[in-house]
Amino acid sequence: MSEFKIVGKPIPREDARAKAKGELKYADDFSLPGMLYGKVLHSKYPAAKIISIDTTKAKQLPGVHAVLTARDVPHNETITRFGQSAEVGKGFEGLYRVLADKKVRFRGEAVALVAADTEEIAEEAAALIEVNYEPLPGVFDPVEAMKPGAYLVGEGDSNIICKFGCSQGDIKKGFAEAEVIIEDTYQVPFVDHAYLETEGGVAWIDEKEVINIRVGSQVIEHFRDVAEVLGLPHNQVRYIGTMMGGGFGGKEDITVETYLALLTWKTKKPVRLFYTREESILCHSKRHPFIMHYKVGAKKDGRLVALEAELISDAGAYPYLSPWVNLYATVNAAGPYCIPNVKINTYCVLTNNTFTSANRGFGAPQPNVAYESLMDELAYKLKIDPLEIRRKNCITTGKSLSTTGQVFNTYVALPEVAEKAWKALGETKKVEDKNKRIGRGLAIGLMSYGRMTFLHDTSRCYVRLESDGSVLIRSGIPDLGGGQVSLLCQIAAEELGVPMSKIRIYYSDTALTPLAGTTTATRQTYMSGNATLKAAREIKKRIIQKAAEMMNVNPEKLVIGEEKIIVKYDSAQYLPLLEVIKACNTEGIELFCEAQFKGPFTMVPDLSNIRGTIFPDFTFGAQAVEISVDIETGQVEVLKLVTCYDVGKAINPLSVEGQMEGGSIYGMGYALMEEVVMEKGVTLTPSFSEYIIPTAADVPEVEAILVESGGGLGPYGAKGIGEPSCSIIAPAILNAIYDAVGVRIKSLPATPEKIIRALKKHYFEGR
Amino acid sequence: MMEEYPIELTINGEKIVSTAKAEESLLRFLRRHGFYEVKGGCEKGDCGTCTVIMNGKAIKSCITLAGQANGKEILTVRGLEKEESGRKLQESFVQHGAIQCGFCTAGMLMTAKAYLDENHQPNKVEIRKAISGNLCRCTGYKKIVEAIYAVAEENQKSK
């Protein structure tokens, strides 16, 4: 079918109107009679031995219903999962500890839980808990933590939690052939997700003794993990996922759900628990900081011949999703380039900093900063145009990824997107201010969409065509704000030939909706989109079959649209959808279907040399910026930003543009302003007064260019865009700074202070 | 227990007679009275998520005491519908794709409404400045600015 009625149209999202009217109920917009208020007592030291905890005074406070410590948790130690059902082995599953036991590993770690009649009493009770700590030295630098004899963060005999490698060709030979070699170290900081809705929810026990947790979560499959902490059967814990006020990977791990479950289980009363902004920044996950040593070799004509990289990342105090994030970083480490000789080594290390885990881009944005800066450096050194050097080296259709060797058999849009983004910058802006210098930067990249293939990913969706022609969808899909839920409605509406207004969807409930998997890994358009497509098409097939009988024509001659079954090329000949539904119902033909979509399955790779297919597919993109740098203040202003991606097919162009524009600004914050500053494990940026994210006054003119090759694995050839959209803007900005003032900033964020310091060095000492 | 004081105010045209604790913020007071459409994002005036209109001016309800609203008229996003200018903004946000997670939307709409009531011919740069006290992490602001600008333009034409 070539003519779309609903798919591909920039239409308002299913959830938009309720949000505009203030009618949508988020996790916190809900209460129950007799509800208690939960509070977490967090560790005040980043590293300490817990000598004793005395809860007597806290328990005696009137209005307090429960005070819990590690001792009260049935299974305080389990393993970190994120919804996978396939066995993946020990290399990936780290320790998940609910409450600190014997030893605290980071400042902000949960030590005790309180439930009380009011929030004030809960706070007062938490303050009355007497924890006797013996402070320990701790270790806060991953490089230090790797050394033999370093302070041990956990109970193991090393702080290194994972080591990944991959290589191709002969790295020594590669560098021997090189005519130019550049070597450098890049560093990126801790970053906060900064969603406006902090972590939290409400839990209660129903008449079946099921613990219900109403929470904003990207992974409702954590119901299993919560059940295991409590020692209950999986079907005794239910997640009711709400629309989230932003996720960005921060609601991918368990946030407060185990605390809620424990408090409601112990008190037998409903409990509400929400993090304050300070708790959200101090106590929940951050994006991994990386130290990246890179060495790149090329021929004089700019052709890359060798790339060697050592990546060291800071996992913080617990593993969480660190192994997975580091696997992404390893796969992305050689960028979107064809390089015959490659060697990558990645280490992830525990420290006594706040733990790190998923954050939009999941390990891809970090190495992108390093390799794209080096490509730029190479271009300047060899006097080759930034676009030309990328065109010369980038992966094209039929070529393979230089880290894993995964072959790209579908269209690789890199040359196209690079050229489009670069050209769209247009005429150089004129700036009057004599202190301002203009510069341009380009970066290209690829990022996977869909989960790693050895996780054996599936998604399910149920679709039902009602007797009045309306449609009901049930899908476990969580919506973090990207329009995941609306997308499924659009697909069902298109396939069943009904308007969007006739679709109702129930989502994100582990008891009542078929599990659709996690809203992570940029996987929902691809996975749940396909599951919905499959279910809707099955119903469509039955409808068309019936209509064909009724009209006495070949079913292949029929199409569905505008609530009619129409004879192709003869729109005067049709049956109203309602009539066909009636006939089907009379004969008991099933107008409902629960379908499962399965991604490609592979085996767990050899982690010391990761080769072969690791991801189902990739999204290719380019971002280009024009900026000004004030040489007196070091202030960077982004004047124009172009983001160009091959999205396969934009099912809702408004949502796709929204991801591309929002992702660009998310990445711009990474480049220029965002850093969770930690000093010996103490966070110095605990609020939005210190942790600065872009405001409307900071943003440039953003132009989103959509390439629609139709080559994706998603419905109608769609690819994923959520995470790729933010993953290369930082190096584009760094490259533009170099172009403007001739200094290369090698650690994010590129603050005015760093730029001024670099400029001084540049002018007074030479480079 | 903290002392409570009588308070009387109008919220979305409806008179509310109640009590408030001395240090209770207007945000907490509103939510305690079921006005869940007013969201809290930081509770210290940084993010603008909790913005409501008090006697015609956009204010951050998390750093306004409930007591300061005594005798005042409060408009929240659920009251926007009653006014044409509010309805237009809501619909423009919907049509322009200016809403993603929607958590900033209620506050953003209130800031936009108060701003457009006072400023009839803003350009996009001025709109960006006007909403710079309201953080949004999802959209990159482009579609929000376009949505507000479209309403300003339409208002101009209909004059």
Side-chain angles (χ1 to χ4, degrees), chain A residues 10 12-13 15-26 28-31 120 193-198 243-248 274 276-278 479-483 652-655 657-666 668-669 687-689 693-699 701-702 704, chain B residues 1-2 21 28 31 34-49 76-81 87 89-109 124-125 127-145:
Chain A
R13 274 164 43 174
D15 52 323
R17 214 153 258 124
K19 286 175 176 174
K21 290 182 174 184
E23 283 164 2
L24 195 120
K25 297 281 178 280
Y26 295 85
D28 198 18
D29 306 335
F30 179 82
S31 68
E120 291 78 13
H193 308 83
Y195 23 65
L196 289 176
E197 178 203 47
T198 60
M243 283 263 173
M244 278 165 269
F248 312 109
F274 254 80
T276 62
R277 178 58 56 189
E278 189 174 351
D479 194 319
L480 45 64
N652 187 344
L654 270 188
S655 293
E657 285 167 15
Q659 287 302 307
M660 287 169 70
E661 292 159 9
S664 295
I665 301 308
Y666 196 90
M668 189 187 102
S687 79
F688 287 149
S689 308
I693 66 169
T695 71
D698 301 314
V699 300
E701 190 190 321
V702 176
Chain B
M1 274 313 229
M2 251 182 295
K21 288 173 214 136
R28 292 203 167 206
R31 291 186 62 85
F35 295 90
Y36 280 146
E37 69 273 25
V38 187
K39 313 291 178 206
C42 68
E43 295 209 62
K44 63 188 289 266
D46 291 330
C47 73
T49 305
T76 78
V77 74
R78 295 195 79 174
L80 265 190
E81 240 182 326
R87 272 199 306 277
L89 269 169
Q90 285 173 315
E91 192 53 25
S92 186
F93 269 55
V94 168
Q95 294 298 334
H96 281 87
I99 301 168
Q100 287 192 27
C101 86
F103 207 75
C104 77
T105 304
M108 199 65 90
L109 279 166
K124 286 186 183 172
V125 175
I127 291 172
R128 276 194 207 140
K129 278 201 184 123
I131 62 164
S132 65
N134 291 68
L135 296 178
C136 167
R137 190 57 154 171
C138 300
T139 64
Y141 304 103
K142 185 181 177 182
K143 294 196 185 316
I144 294 175
V145 172

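Note on naming: letters A, B, ... go to the chains in the order of the sequence lines (proteins, then strands), and numbering restarts at 1 for each one.
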[options]: which one forms the most heavy-atom pairs within less than 4.5 Å of chain A?
options                                 : value
Val77(B), Ile127(B), Leu135(B)          : Leu135(B)
Thr139(B), Thr105(B), Ile144(B)         : Thr139(B)
Lys44(B), Lys142(B), Arg137(B)          : Arg137(B)
Met108(B), Arg78(B), Glu37(B), Glu91(B) : Arg78(B)
Cys104(B), Ser132(B), Gly97(B)          : Ser132(B)

Q) Can you tell if the side chain of Gln100(B) reaches within under 4.5 Å of the side chain of Gln659(A), non-hydrogen atoms only? A)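 When only atoms from C-beta onward are counted, Gln659(A) and Gln100(B) do touch, with a gap below 4.5 Å.
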
Q: Could you check if a side-chain atom of Lys39(B) sits within less than 4.5 angstrom of a side-chain atom of Asp29(A), using non-hydrogen atoms only?
A: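 Side-chain contact under 4.5 Å: yes.
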
Q: Go through Lys19(A) and Met243(A) one step at a time and tell me if the side-chain contact (heavy atoms from CB on, under 4.5 Å) criterion holds.
A: CA-CA 10 Å; Lys19(A) 286 175 176 174; Met243(A) 283 263 173; 3.8 Å; yes

With a 4.5 angstrom heavy-atom cut-off, could you sort out which part of [X] is near chain B: side chain, backbone, both or neither?
X         : answer
Ser689(A) : both
Leu196(A) : both
Met244(A) : backbone
Ser655(A) : neither
Leu654(A) : both
Asp15(A)  : side chain
Phe274(A) : neither
Glu278(A) : neither
Arg13(A)  : side chain

For the atom pair [atom1] ([X]) and [atom2] ([Y]), what is the distance rounded to the nearest 0.5 Å?
X         : Y         : atom1 : atom2 : answer
Glu701(A) : Lys124(B) : CD    : NZ    : 8.5 Å
Ile99(B)  : Leu109(B) : CD1   : CG    : 6.5 Å
Thr276(A) : Glu43(B)  : OG1   : CD    : 8.5 Å

Locate the shortest heavy-atom distance separating [X] from [Y]; write the atom from each residue and the value.
X         : Y         : result
Ala20(A)  : Val94(B)  : CB-CG2, 3.8 Å
Cys47(B)  : Cys42(B)  : N-SG, 3.5 Å
Tyr36(B)  : Ser31(A)  : OH-OG, 3.4 Å
Ala194(A) : Ile693(A) : CB-CG2, 3.9 Å
Met668(A) : Val699(A) : CE-CA, 4.4 Å

Is chain A contacted by the side chain of [X], its backbone, both, or neither, given a heavy-atom distance below 4.5 Å?
X         : value
Arg31(B)  : side chain
Lys143(B) : both
Gln90(B)  : both
Tyr141(B) : side chain
Leu80(B)  : neither

**Q.** Residues Glu81(B) and Lys21(A) bridged, charged N to O under 4.0 Å
**A.**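 Salt bridge flag = yes for Lys21(A) with Glu81(B).
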
Q) Under 30°, 30 to 60°, or over 60°: which ring-plane class applies to Tyr26(A) and Phe103(B), parallel, tilted or perpendicular? A) perpendicular

Relative to chain B, which of [options] shows the most heavy atom pairs under 4.5 Å?
options                                   : value
Gly662(A), Ala696(A), Gly481(A)           : Ala696(A)
Asp698(A), Ile665(A), Thr695(A)           : Thr695(A)
Gly482(A), Pro694(A), Pro10(A), Ala704(A) : Pro694(A)

